[in-house]
Undergrad: 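First the structure, which I've put down as structure tokens, then a few questions once you've had a look.
Proteins get letters first, then strands, A, B, ... in listed order; numbering begins at 1 in each. Keep in mind that what you see is a predicted model, and the values were worked out from it rather than measured.
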Amino acid sequence: MTITNAEISKMLRRIAFLLEMDSNKDDKNINFKNKAYLRAADQIENLPVRLETIYKENGLIGLLQIPSIGKAISSKIEEYLNTGKIEYYEKLQIKYPIDVDDFLGLEGIGPKTLKEILDTTTIRNLNDLESLIKEKKLRRIPGFSEKKEVNLLKKIQSHRIGKSRFLLGDLFPIINQIENYLTGNEKVSKLIVVGSFRRMKETIGDIDLLVVSKHPSDIIDDLITLPEIEEILSRGTSKAFVRLKNGIDLDMLVVPEDSFGSASLYFTGSKEHGIQLRKLAQGRDYRLNEWGLFDNKTGQKLAGDSETEIYNLLGLEWIPPEMRENHGEIEMAKRHSRQWINKIQNLVEYESLKGDLQVHSNNTDGQLSIEEMAYFAKTKFHLDYIAITDHTKSLAIAKGLDEQQLLDQLIKINEINDRIKSGDFFVEENRPKSNRDRNNYLKEAGTKNLKDNRNKDDKKFRILAGAEVNILKDGSLDISNNVLDRLDIIGAAIHSNFSLTEEIQTERLIRAAQNPSVDIIFHPTGRIINKREGYPVNISKLLFTAMETNTVLEIDAHYNRLDLKDEFIRMATDTGVKMVIDSDAHHSLHYAFLKFGIAQARRGWAERDDILNVLPVSDLLKNLK
DNA sequence: GCCGTTTTCGGCCCGACTGTTTTCAGTCG
């Protein structure tokens, strides 16, 4: 039997829910107990390694090393892993025989409210509750009313539809639109999109907007009349919460100028990062909220307009938004060590990539020719090199290339490189005509804030001949090494047999990494965010082999992959394994995705030195196998 | 139930919004 971290986490949430139902405000212990279960659940959800693996390798001791997991919870996890059940939970279920999962995440009705309903009725699940409301019986319970019935019914219905998180890349254009719309409002003196968007998390739950204005209620009036708005969920004097027609929620906070820093800190999150900061404040007899940092004794406001000032008063260095996850950054920032200050200064920067090492052409499943991909890489995105890495023959669905076709492509690439060197390639007459704004992505998002770091000398641009070679079931490749060795750069990737065990899957990747022709493992875990988990890989073992064989791991920047994910990037930087950030472009517009890969690298604390394609092409090639 | 730069007991983040509460609890972010 195999039990995932998600399942364990959910089980702990069920227990927390029932414990909170069971609590009353006089019993402090039970009140904090449920929070402890929730903390543990959060922690487990963010863990890069499976608890099952930790338990198999190190037993209870291993579990106890995880923050927020102590004696009681670790032994319950042990019981769950061994028996598939937790007796403690079963007992709570006897007391409260309800389908807890039905109510987890149901907005507007928490454990306390549910308890009140259960005191006078015998509902078990969401259907029962819905019937109760439809029969107008809920309003008979003290504290409930017709108004509450109406609200609850709506919430039950939207809960049924389910709300999954949106992909960062999907929301980018919409968020830019809203940003532009409100920036045009003369009463808005500052506007910033905060929340998980500012942290560049791979998925976004809702859009958080922070506005500085002297007229908060006017701004809120303007916001709620936006035509994109489907429903106003709540509205106060400084905050508004609305649902947009595309299904995403938007949360807006309006503050005065001197609260901009504290509000952006509070609103950028993460929640756990914020909690840690407020605890630090508490330790100094300060109070930190969205309005500022205050001295408890004097009531005086100590800081508020800048994030840096607040961090400093709490004894910390400023922390970049992408790192604010309470994954150890606060402890590090506390120490003021040279190492940490260097880490922050050397974090890989946006616009710092000189090349893109996974690019597809219309020789396989790409949409544009090699010439077009090169032309736009240079002229629109100011890259100095790209690698054409088309699929290989066993990936029939993408018209993968065979040995001869790869060699033919090599000749063609050499010809284009010769034209580039002679200076007649990047000229306006050569501008490909097929690319006329096929979609708005580039216009709205892709080129925004692009720094012009154009190398005046266009003749230096280089196309590397490469391939995205298919890793077969046994870890061998579908193209012979003597052909691969004639190309400049080789990425290997898994595109089939996803359901093998972790051991076999890891062995496949290790064999590929040990192949002397393979420079990079492309999208190492194969996940598609919100669609497919990715095959199971023992990342530690893969990293060890990568280190031994000088194999590079890719951060695939396509926003539906972002593979490696942030925790794995962190592990790679700790191991000293080098990475590259590639767009996996199938169209020139896709080069815009590189920024998502950089964001992911920053979330994984990667420095410039960890990322090889910040280097000029000659240095890059020297660093490969 | 967890945890430790006031540590092995005694704490545990903070404020806005909603509803019908006439002073606050529940829920959320």
Undergrad: If the cut-off is 4.0 Å, is A:Ser68 near the phosphate of B:dG1, judged by side-chain N/O to OP1 or OP2?
TA: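 No, no such contact exists.
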
Undergrad: Could you give the distance separating B:dC14 and B:dC9 at their C1' atoms, to the nearest angstrom?
TA: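 About 25 Å, rounded to a whole number of Å.
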
Undergrad: At under 4.0 Å between heavy atoms, what does A:Glu107 touch on the DNA or RNA strands: base, sugar-phosphate, or nothing?
TA: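 If one applies the 4.0 Å heavy-atom cut-off, A:Glu107 turns out to touch the sugar-phosphate alone, with no base involved.
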
Undergrad: Contact class for A:Arg39 vs. all strands (heavy atom < 4.0 Å): base, sugar-phosphate, or nothing?
TA: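 Result for A:Arg39 = base.
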
Undergrad: Which one, B:dT27, B:dC13, B:dC14, comes nearest to the side chain of A:Arg287?
TA: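 Minimum distance to the A:Arg287 side chain belongs to B:dC14.
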
Undergrad: Nearest 0.5 Å please: distance from the CD atom of A:Gln276 over to the NZ atom of A:Lys279.
TA: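 With rounding to 0.5 Å, CD (A:Gln276) is 5.0 Å from NZ (A:Lys279).
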
Undergrad: Can you tell me the distance, in whole Å, between the NZ atom of A:Lys115 and the C1' atom of B:dT27?
TA: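 Checked: the NZ to C1' distance equals 17 Å.
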
Undergrad: Give A:Asp251 one of three labels, base, sugar-phosphate or nothing, depending on what nucleic acid heavy atoms sit under 4.0 Å from its own.
TA: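 Since only primed, P, OP1 and OP2 atoms lie under 4.0 Å of A:Asp251, the category is sugar-phosphate.
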
Undergrad: Between A:Ser234 and A:Lys76, which residue's closest nucleotide on DNA chain B lies nearer the 5′ terminus?
TA: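 Closest to the 5' end, via its nearest nucleotide, is A:Lys76.
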
Undergrad: NA contact type, A:Lys71, heavy-atom cut-off 4.0 Å: base, sugar-phosphate, or nothing?
TA: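 If one applies the 4.0 Å heavy-atom cut-off, A:Lys71 turns out to touch the sugar-phosphate alone, with no base involved.
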
Undergrad: When the C1' atoms of B:dC3 and B:dT8 are considered, how many whole Å apart are they?
TA: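 Taking atom C1' in both B:dC3 and B:dT8, they lie 9 Å apart.
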
Undergrad: For a quick test of reading the model: is some side-chain N or O of A:Gln282 closer than 4.0 Å to OP1 or OP2 of B:dC14?
TA: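 Yes, because at least one side-chain N or O of A:Gln282 sits under 4.0 Å from OP1 or OP2 of B:dC14.
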
Undergrad: Is A:Tyr37 touching bases, backbone alone, or none of the nucleic acid, heavy atoms closer than 4.0 Å?
TA: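 Here A:Tyr37 touches the backbone only, sparing every base.
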
Undergrad: Check the surroundings of atom CD in A:Glu87: do more than 12 heavy atoms from other residues, nucleotides or ligands lie under 6.0 Å from it?
TA: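 At most 12 heavy atoms, drawn from other residues, nucleotides or ligands, come within 6.0 Å of this atom.
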
Undergrad: Assign A:Gly108 to base, sugar-phosphate, or nothing according to its heavy-atom contacts below 4.0 angstrom with the strands shown.
TA: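 Sugar-phosphate, backbone atoms only, no base.
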
Undergrad: Which nucleotide, B:dC2, B:dT27, B:dG29, lies nearest any side-chain atom of A:Pro111?
TA: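 Ranking B:dC2, B:dT27, B:dG29 by closest atom to the A:Pro111 side chain puts B:dT27 first.
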
Undergrad: For B:dG15 versus B:dT20, give the span between their P atoms, rounded off to a whole number of Å.
TA: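 Those two atoms are separated by 26 Å.
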
Undergrad: With rounding to the closest Å, how many angstrom separate the P atoms on B:dT21 and B:dG26?
TA: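 Between the two P atoms, the distance is 15 Å.
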
Undergrad: Remember a base hit wins even if backbone is also touched, and classify A:Ile73 as base, sugar-phosphate or nothing at under 4.0 Å, heavy atoms.
TA: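 Counting heavy atoms under 4.0 Å across all strands, the contact made by A:Ile73 is with sugar-phosphate only.
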
Undergrad: Verify the contact: side-chain N or O of A:Arg278 to OP1 or OP2 of B:dC12, cut-off strictly under 4.0 Å; return yes or no.
TA: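 It does not, given that no N or O in the side chain of A:Arg278 lies less than 4.0 Å from OP1 or OP2 of B:dC12.
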
Undergrad: Give the nucleotide from the list B:dC14, B:dG19, B:dC13 with an atom nearest to the side chain of A:Lys271.
TA: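 Nearest to the side chain of A:Lys271 among the choices is B:dC13.
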
Undergrad: If you only use heavy atoms from C-beta on, which nucleotide in B:dG19, B:dG26, B:dC13 is closest to the side chain of A:Lys148?
TA: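 Taking heavy atoms from C-beta onward, the closest nucleotide is B:dG19.
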
Undergrad: Measure the OG-CZ distance between A:Ser158 and A:Arg243 for me, rounded to the nearest 0.5 Å.
TA: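 A:Ser158 OG to A:Arg243 CZ: 5.0 Å, rounded to 0.5 Å.
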
Undergrad: Answer yes or no on whether A:Lys85 is positioned over the face of A:Tyr80, meaning its NZ or CZ is under 6.0 Å from the six-membered ring centre and within 45° of the axis.
TA: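 Not satisfied by the 6.0 Å and 45° rule.
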
Undergrad: State the OG-CD1 distance between A:Ser238 and A:Ile220, to the nearest 0.5 angstrom.
TA: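 Here the interatomic distance stands at 6.0 Å.
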
Undergrad: At under 4.0 Å between heavy atoms, what does A:Leu253 touch on the DNA or RNA strands: base, sugar-phosphate, or nothing?
TA: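 Result for A:Leu253 = nothing.
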
Undergrad: So which one's nearest nucleotide on DNA chain B is more toward 5', A:Pro67 or A:Ser238?
TA: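 Its nearest nucleotide being more 5', the pick is A:Pro67.
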
Undergrad: Quick one: label A:Ile15 by what it contacts on the DNA or RNA (base, sugar-phosphate, nothing), any heavy atom closer than 4.0 Å.
TA: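 Nothing, no nucleic acid heavy atom in range.
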
Undergrad: Suppose you measure atom C1' in B:dG29 against the same atom in B:dC13; what distance do you get, rounded to whole Å?
TA: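 It works out to 12 Å between them.
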
Undergrad: Would you indicate which nucleotide in B:dG15, B:dC13, B:dC2 comes nearest to any side-chain atom of A:Trp291?
TA: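 When the side chain of A:Trp291 is considered, B:dG15 is the closest of B:dG15, B:dC13, B:dC2.
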
Undergrad: Paired with B:dT8 by Watson-Crick or G-U wobble geometry, both distances under 3.5 Å: which nucleotide is it?
TA: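 The base-pairing partner of B:dT8, which may sit in any strand shown, does not exist here.
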
Undergrad: With a 4.0 Å limit, can you tell me whether A:Asn151 has a side-chain N or O closer than that to the phosphate oxygens OP1/OP2 of B:dG19?
TA: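 Yes, A:Asn151 has a side-chain N/O under 4.0 Å of OP1/OP2 on B:dG19.
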
Undergrad: Could you give the distance separating B:dG11 and B:dA16 at their C1' atoms, to the nearest angstrom?
TA: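 Result for the C1' pair: 26 Å, nearest Å.
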
Undergrad: Once you apply a heavy-atom cut-off of 4.0 Å, does A:Leu288 come out as touching a base, just sugar-phosphate, or nothing?
TA: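 Sugar-phosphate contact only.
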
Undergrad: Phosphate oxygens OP1/OP2 of B:dG26: is one of them under 4.0 Å from a side-chain N or O of A:Thr113?
TA: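 Answer no for this pair, as no side-chain N or O of A:Thr113 is under 4.0 Å from OP1 or OP2.
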
Undergrad: Ignoring hydrogens and geometry beyond distance, is a side-chain donor-acceptor pair present between A:Asp285 and A:Asn296 at under 3.5 Å?
TA: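 Distance-only check passes for A:Asp285 and A:Asn296.
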
Undergrad: Which nucleotide wins on minimum distance to the side chain of A:Glu290, given the candidates B:dC2, B:dG19, B:dA16?
TA: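 The answer is B:dA16.
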
Undergrad: Let's go through A:Glu78 and A:Ser75 carefully: what are the C-alpha distance in whole Å and the side-chain angles of both, what is the deciding distance for side chain to side chain donor-acceptor pair (under 3.5 Å) to 0.1 Å, and is it a yes or a no?
TA: CA-CA 5 Å; A:Glu78 179 178 46; A:Ser75 68; 5.9 Å; no

